[in-house]
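Values in this document were obtained by computation on a predicted structure and should not be read as measured data.
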Amino acid sequence: MKIPFKPIGIEDKDIITSFTMPSNYKNCDYSFTNICSWRFLYDSEFAIVDNNLLIRFWIENKTRVAYMTPIGQGDLAQAIKLLESDSLEQGHPLCILGVTPDAKEELEKAIPGGFFYIPERDYFDYIYLREDLATLKGKKYQAKRNHINNFNKKYAYKYIPITSELVPECLKLEYKWYKSNRKDNDEEDLNDERRSIIYSLHHYDKLGLIGGAICVDRQIVAFTFGAPINHNTFGVHVEKANVDYEGAYAVINKEFASHLPEKYIYLNREEDLGISGLRQAKLSYNPFILLEKSAAIKKPIKQY
């Protein structure tokens with residue numbers, strides 16, 4: 001059977017989230033906003049086959065096909081066989097990326113000993129308890145509280161939810177951040193991120209995004225937004241601040257967590273991509289889970 005893959009578009013949100021939202025997978029790769037806003041880079045496609053959601057995309061400058069772990073109530077072993085056949089047609093062994101420990105468990109149940117697993121530390125997700133980030137209680141968050149207290153002494157600020165009317169102001173701040181952070185060696189990565197952010201903000205309501213901003217003297221000095229990954233995990237996709245306002249990052253982080261619905265027990269603040277400053281910043285918030293993600297490479301049948 002040839003899998004009827006089709007390009008992912010914003011109009012596919014309801015059908016895709018009907019699989020991802022009930023799932024227990026917490027990794028940021030399953031956020032529809034991420035899948036849709038980064039499609040330009042990966043040519044991501046999906047298909048629904050026998051009550052399983054199948055997603056494939058292209059990596060290594062679109063020279064190699066990869067897949068996500070299937071989600072759904074269908075036969076996982078059969079879904080894997082279909083993906084393997086599709087991948088071999090493209091000239092590569094089956095490669096499933098972003099495989100978390102719970103996904104690995106499901107793969108092993110379906111096809112025992114069928115995969116090699118290669119952990120990819122740069123792509124581990126940082127997952128926090130929403131309540132921890134909203135309250136910053138305890139000694140381990142003392143430095144964060146100090147940053148916020150200093151910000152409060154300097155500025156009278158207001159937290160405001162992002163609406164489509166505020167999008168132009170957020171884009172202005174994003175461009176200012178981009179100009180001040182751009183370096184020759186990472187310009188391509190930042191350009192890709194900009195493209196994803198601009199797409200998301202231009203489709204803010206259709207994507208069902210939730211965001212917030214810090215306003216000082218009628219000017220936005222920090223903003224953030226994200227979307228649900230599943231029924232109890234919210235993905236924080238973007239956080240930008242004007243670094244001239246020291247402490248703005250700590251303030252927007254706490255305020256956003258405080259204003260999110262309590263049904264989101266977990267906040268996934270995504271990977272650090274091996275960037276040392278980003279890793280240090282994410283670790284400084286004491287993740288509740290450092291979610292391991294691996295590449296799973298299917299073994300030839302004779303090896304298992």
Side-chain angles (χ1 to χ4, degrees), residues 1-9 11-120 122-125 229-230 271 291-304:
M1 172 190 170
K2 191 167 179 64
I3 303 174
F5 281 114
K6 68 180 281 275
I8 292 174
E11 67 279 1
D12 301 309
K13 177 176 181 284
D14 289 347
I15 184 67
I16 289 175
T17 56
S18 73
F19 286 86
T20 57
M21 290 301 286
S23 164
N24 288 319
Y25 291 162
K26 295 178 172 59
N27 42 328
C28 65
D29 314 287
Y30 286 104
S31 159
F32 179 77
T33 297
N34 273 346
I35 294 168
C36 198
S37 69
W38 285 92
R39 190 188 175 276
F40 71 92
L41 195 60
Y42 301 110
D43 287 349
S44 310
E45 301 171 300
F46 84 105
I48 310 297
V49 179
D50 296 334
N51 205 20
N52 275 319
L53 169 67
L54 310 178
I55 294 177
R56 79 173 177 187
F57 51 98
W58 297 83
I59 58 175
E60 297 171 9
N61 292 318
K62 302 184 182 179
T63 61
R64 175 172 181 147
V65 70
Y67 303 82
M68 291 169 64
T69 307
I71 296 184
Q73 300 302 312
D75 184 333
L76 181 56
Q78 184 58 33
I80 295 299
K81 286 176 186 173
L82 288 174
L83 295 184
E84 181 173 29
S85 175
D86 186 78
S87 187
L88 291 172
E89 268 185 42
Q90 314 293 337
H92 298 284
L94 174 62
C95 171
I96 301 176
L97 294 182
V99 176
T100 54
D102 47 354
K104 179 179 176 181
E105 194 176 315
E106 293 302 314
L107 291 175
E108 285 300 304
K109 277 186 203 167
I111 305 179
F115 290 88
F116 299 106
Y117 298 94
I118 306 164
E120 298 184 296
D122 293 353
Y123 296 98
F124 287 12
D125 283 357
I229 294 170
N230 68 11
E271 318 107 331
L291 187 64
E292 181 176 314
K293 295 197 299 196
S294 299
I297 312 297
K298 181 73 167 50
K299 297 176 185 176
I301 291 174
K302 62 183 178 183
Q303 289 195 22
Y304 64 95

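- The backbone N or O of C28 lies less than 3.5 Å from a partner atom in the side chain of N34, making a donor-acceptor pair.
- For D122, the side chain to side chain donor-acceptor pair (under 3.5 Å) partners two or more places apart in sequence, or in a different chain, are R279.
- Within the 3.5 Å criterion, the main-chain N or O of E60 finds a donor-acceptor partner in the side chain of T63.
- With sequence neighbours excluded, the residues forming a side chain to side chain donor-acceptor pair (under 3.5 Å) with N27 are D29, listed by chain and number.
- Checked against side chain to side chain donor-acceptor pair (under 3.5 Å), D43 has the following partners two or more places apart in sequence or in another chain: K62.
- Side chain of N51 to main chain of G72: no donor-acceptor pair is present (N/O by atom type, distance under 3.5 Å, no hydrogens or angles).
- At distances below 3.5 Å, at least one donor-acceptor pair connects side-chain atoms of K299 with backbone N or O atoms of G113.
- D125 has its side chain within reach of E271: a pair of non-hydrogen atoms, C-beta onward, lies under 4.5 Å apart.
- Looking at every heavy atom in both residues, L97 comes nearest to E120 through CD2-OE1, 4.0 Å.
- Applying the side chain to side chain donor-acceptor pair (under 3.5 Å) rule to K81 yields no partners; only residues at least two apart in sequence or on another chain are considered.
- The stretch residues 91-106 participates, sequence neighbours left out, in these salt bridge (charged side-chain N to carboxylate O under 4.0 Å, His left out) pairs: E106-K109.
- Here ring-ring contact (aromatic ring centres under 6.0 Å, His included) pairs that include residues 40-66, with residues two or more places apart or in two chains, are W38-F40.
- Side-chain contact annotation: E108 with Y117, donor-acceptor N/O pair under 3.5 Å present.
- Each of I55, L53, I229 was compared with T20 under the side chain to side chain contact (heavy atoms under 4.5 Å, CB included) criterion, and only L53 meets it.
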